[in-house]
Structures are given as C-alpha cells and as structure tokens.
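Structure record follows, encoded as structure tokens.
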Amino acid sequence: MSQSRATKRRPQQDAPDRPARLLAWYDRHRRTLPWRAKAGERADPYRVWLSEIMLQQTTVRAVGPYFEKFVARWPDVTLLGRASLDDVLRMWAGLGYYSRARNLHACAVAVTGDHGGVFPDTEEGLRALPGIGPYTAAAIAAIAFDRRTMPVDGNIERVVTRLYAIEEALPQAKPLIKEMATTLLGPARAGDSAQALMDIGATICTPKKPACALCPLNDDCAGRIRGDQETFPRKAPKKSGVLRRGAAFVVTRGGELLVRSRPEKGLLGGMTEVPGSQWQAGLEDAAALAQAPELKGVGRWHRKAGVVTHVFTHFPLELVVYSASVASRTRAPDGMRWVPVETLDGEAFPNVMRKVIAHGLDL
DNA sequence: CACGCGTGGAC
DNA sequence: TGTCCAAGCGT
C-alpha cells in the first residue's frame, strides 16, 4: 500500500469506509422513536412492520399517536389478526391512504392464520404479504431480521442521488440508486445502516437547505462538491388535477346524523361519509340536489353559506353543504344509517367528511 | 410505467 | 396561495 493512497482523499467511487462512518454516526446520533429498538436490543418484527406500513408517505410526527394507539389496543399480530376490519378502519381514520389499513388487517390475518403468528424472516416471504412491497419487505428484513439488504425509500433516494450526483431522473433511476445504496452496507448491521441513511435524510440531507456540515458523508459527497446538492434527486414535473365539485347532505334526526359507507374499492374505500352527489369536474352546484333523488322528500333544505374545500393528491375538491332536520321517526334510506352525534369521533370519517359535518352542523 | 390513493406541515 | 413533500403499494 503506497503512502500517497493512504494520505490522499479517496475519490468518491472508492470510499470503502463509508459503511463504518455511517454506523459510527448512527451510534452517536440516531433518533429515539417509539417503534425503534434500543441500541443492541432485538427489534420486534410486529412493531417494525406496523410502523413501516404507517410511515408509508406519512411523517413521523403524524404516525406517533397512531402507532401508540395500535400497539396499546393490539399488542401483537395475532390480536390484530382477530380484530374486525371495522375496528381497524376506525382506529386508522385520519391517517390517510386507507387501503393501507385494509392491507394491514389482511396481512395480520395472513400472518396469524397461515404463518402461526410469526412473520416470515426473508424478503421474499415478506413481499408475498398484502401491503408489503419492495421497500417494506427490505426494511423489515434488514431491521427486524438482520438480513443484508438495503431498503430504498424517499430519504435514501435523496441521500444517494446527492452523494453520487446521479443525473438520471426518477423513477428511471431507481435500479441505479438501489445499486449505489447497497454499496453503503457493511458486513453486518444492515438495518442500522438503512436507518442511519433515513435519519440523515430526515434531519440533515433534507429536501431544502441540507445541513451538510453535520453529515458524516460530507467529505466525498459529489453533490456537495458541485454545490448543487439541493437539485437532487432529478425528477420529471408532474401535472396537477382539475377541480371537482359536488354537494354533501348533513341530515339530522334529533341528535343523530345520517351516514353511509363508501364502496370498498377506490377513493376513501370503506370509509364513512354523509350522503352526497358525485364529485365531477365542471359541475355547477345548482345541479347537485337533483343527483340525490332518495333525499328529495326528506325535509326542508338549507344551503349553508360558503363551501368546504379539500385537496387530494390528484385533485382539489369543493363541496356545497345542504342541511336538513327531519322528524324523529324518519327512516334512513336504503344503505344509510343514523349515528349519534356524540359518537362521531369514533366513526371512520376521512378528514374531508369531518370538515363537511363541522360545516353543516355549525360546529 | 403511470396513475390513483389522504393528510398535514413548511415555505 | 400554491406547491412540494413525507419510511410506497396495487393495478
């Protein structure tokens, strides 16, 4: 080994000590999170799985209270596997992406029924379960079972594309990113390596104004050396959705509210809602009442002033709210039911419906 | 591969 | 106010 090689800074393609630097940083600076095992302790696959599902496209802050509620009510996977889907959906209400809750329940049922209550300990075995895709399978395999694999999430994509100044845009760059990310694994502690990169992505290598001075990988980060680290990862621009409009009906019968369940598939699948029209682009609200014929004779409608607005990932929504109060023995139309206003908090309402009800009830 | 799928926070 | 983003998955 020559002197110059030992003293010169290594070129970025050749930094074999990066895995070790990463783990050394993790041992000093790792975040304390409710689902994360303490240093040296074995991770609980159930908690790792539950947290990974909740954290898909969702912030650590939002997940915290939901994670605590779930593990308090269902301390292990077999208890969750015996719970009803309705209970799971109610507990999930407000967290978003509700197909995750259905798949979570289906996965718990599968682990309980087909695997004796024990999670598969390989990436392939995990990948076969509902709601577990390539990222989550790798994450659980690495974190809970110490398999040598590198999960690649949004954080790691950002860190790695900056570290190597990868010019290829997402999602085409995914295979390359996976390959480069894998070089950051050492001979052991794959889960800690992955969590180190996620912590760095979340706290240092942030989308805007990264704190490069604090990064354990800063001295040979190609993006930082070029000075354009914030421009990574490259991605193609996306198109915005078109405004949709509709009407919602807040019908009360004394202290009760008229509700129904949405179809199991599709937008807000299986969640509870108040009756309403379709949501369409180019719809004028004057046409909305005509689309709810089963409610026409219900009573005296009052159109609430203003509108309820909500923005989904792929379209903005504007709802006109009509309210009516009906006689005490009025029957609910087919497919609908009355629920007491006092128990609305326990219903599986998505946030847009909570806005509608608050608007219609003058809360 | 592109799209559908929630919500809340930051700037 | 609009835009982007946050530990992706299923189809």
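Order of the sequence lines sets the chain letters (A, B, ...), proteins ahead of strands, with each chain counted from 1. Small disclaimer: the values here were computed from a predicted structure and weren't measured.
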Closest-nucleotide ordering on DNA chain B, the 5'-leading residue of Arg61(A) and Thr58(A): Thr58(A)

Worked check of salt bridge (charged side-chain N to carboxylate O under 4.0 Å, His left out) between Asp146(A) and Arg42(A): CA-CA 10 Å; Asp146(A) 202 28; Arg42(A) 187 139 197 92; over 6 Å; no

Crowding at CD, Glu124(A) (>12 non-hydrogen neighbours, <6.0 Å): no

Proximity to the side chain of [X] - top-ranked nucleotide from [options]:
| X | options | value |
| --- | --- | --- |
| Asn103(A) | dC5(C), dG10(C), dG8(C) | dG10(C) |
| Arg127(A) | dG6(B), dG10(C), dG8(C) | dG10(C) |
| Pro207(A) | dT7(B), dG10(C), dC5(C) | dC5(C) |
| Pro171(A) | dA2(B), dC9(C), dC5(C) | dA2(B) |
| Gln56(A) | dG10(C), dA6(C), dG8(C) | dG8(C) |

Parallel, tilted or perpendicular: ring planes of Phe70(A) versus Trp92(A), cut at 30 and 60 degrees: perpendicular

Verdict with reasoning, Glu167(A) to Arg226(A), per salt bridge (charged side-chain N to carboxylate O under 4.0 Å, His left out): CA-CA 13 Å; Glu167(A) 293 289 352; Arg226(A) 294 158 43 125; 2.9 Å; yes

Considering every strand and a 4.0 Å limit on heavy-atom distances, what is the contact class for [X]: base, sugar-phosphate, or nothing?
| X | result |
| --- | --- |
| Val63(A) | nothing |
| Arg354(A) | nothing |
| Leu268(A) | sugar-phosphate |
| Pro134(A) | sugar-phosphate |

Whole-angstrom distance between dG6(B) and dT1(C), as gauged at atom P: 26 Å

Integer angstrom distance from the P of dA6(C) to that of dC5(B): 22 Å

Partner nucleotide of dC5(B) by Watson-Crick or wobble geometry (both distances under 3.5 Å): dG8(C)

Arg73(A) side chain reached by Leu80(A) side chain, heavy atoms, under 4.5 Å: no

Separation of atom CG in Leu129(A) from atom C1' in dG8(C), rounded to whole Å: 16 Å

Earlier contact from the 5' end, DNA chain C, for Lys265(A) and Gln195(A): Gln195(A)

